Amino acid sequence: MERSLVLIKPDAVQRGLAGEIISRLEKKGLKIVAMKMLHMDKNLAQRHYAIHKGKAFFDDLVNFITSSPVIAIVFQGKNAVEIIRQMMGETDPAKAYRGTIRGDFGIDIGHNLVHGSDSLENASKEIDLFFSAEEIFNYERELDTWIY
Ligand code: IDP
Ligand code: MG
């Protein structure tokens with residue numbers, strides 16, 4: 001089963017949208033296997049967004065993601081990476097379809113509420129940045145036999 005790292009970003013936590021976002025992903029059938037609240041420091045932010053270093057928005061992005069606590073979650077499920085990207089919607093909420101998290105709740109690209117890994121390779125790297133092996137749970141859910 002695939003795993004993906006989701007961050008409920010500072011704007012979503014501040015706006016009281018954490019429950020709504022987690023609920024959407026849970027109701028889809030994805031399983032939470034790790035979760036924590038943390039205030040990201042600059043070092044973690046720069047490592048998490050290393051691929052964007054040098055871009056015009058990099059400093060704003062690091063300042064934003066470290067401005068207030070986030071909730072980090074590992075979701076597990078078949079095609080979890082792609083399903084979560086679809087449910088998040090386009091990076092720019094103005095272009096994101098209604099029915100997606102960003103399309104329903106966001107307006108500005110700098111305040112797009114949620115992060116989700118964009119590939120299996122990056123998911124693995126990002127999960128390792130936020131969680132130790134002991135913080136990720138292996139458990140069975142009875143309802144998985146009704147999802148798969
Ligand atoms: P993603 O979050 O949809 O994967 P990325 O291109 O990986 O989008 O960009 C990472 C984050 O950087 C975005 O979620 C957004 O918060 C921010 N970002 C991306 N492009 C811009 C921009 O042009 N202006 C301001 N912020 C941006
Ligand atoms: Mg990305």
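When a ligand or atom number is given, it counts from 1 through the structure's own listing order. Everything numeric in this text was worked out from a predicted model, so none of it was measured.
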Between side-chain atoms of residues 84-97 and protein atoms elsewhere (two or more places apart, or another chain), which donor-acceptor pairs fall under 3.5 Å?
unit_1	atom_1	unit_2	atom_2	d
Arg85	NH1	Gly116	O	3.0
Gln86	NE2	Glu82	OE2	3.1
Asp92	OD1	Ala94	N	3.0

- request: Please examine the side chains of Lys9 and His111, heavy atoms only from C-beta on, and report whether any two atoms are closer than 4.5 Å.
  value: no

Within the 4.0 Å heavy-atom cut-off around ligand 1, the contacting residues, ordered by chain and number, are Lys9, Tyr49, His52, Phe57, Leu61, Arg85, Thr91, Arg102, Ile109, Asn112

Over 12 foreign heavy atoms within 6.0 Å of NZ, Lys78
no

Residues passing the side-chain contact (heavy atoms from CB on, under 4.5 Å) test with Leu61, sequence neighbours excluded, are Tyr49, His52, Phe57

Side-chain donor-acceptor pairs under 3.5 Å in residues 33-42, sequence neighbours left out?
unit_1	atom_1	unit_2	atom_2	d
Lys36	NZ	Phe130	O	2.7
Lys36	NZ	Glu135	OE1	3.1
Lys36	NZ	Glu135	OE2	3.3
His39	NE2	Thr66	O	2.7
Asp41	OD1	Asn43	N	3.3
Asp41	OD1	Leu44	N	2.8
Lys42	NZ	Asn63	OD1	2.6

Original post:
Stepwise, does the side chain to side chain contact (heavy atoms under 4.5 Å, CB included) test hold for Phe75 with Lys28?
Top reply: CA-CA 11 Å; Phe75 277 100; Lys28 178 72 174 169; over 6 Å; no

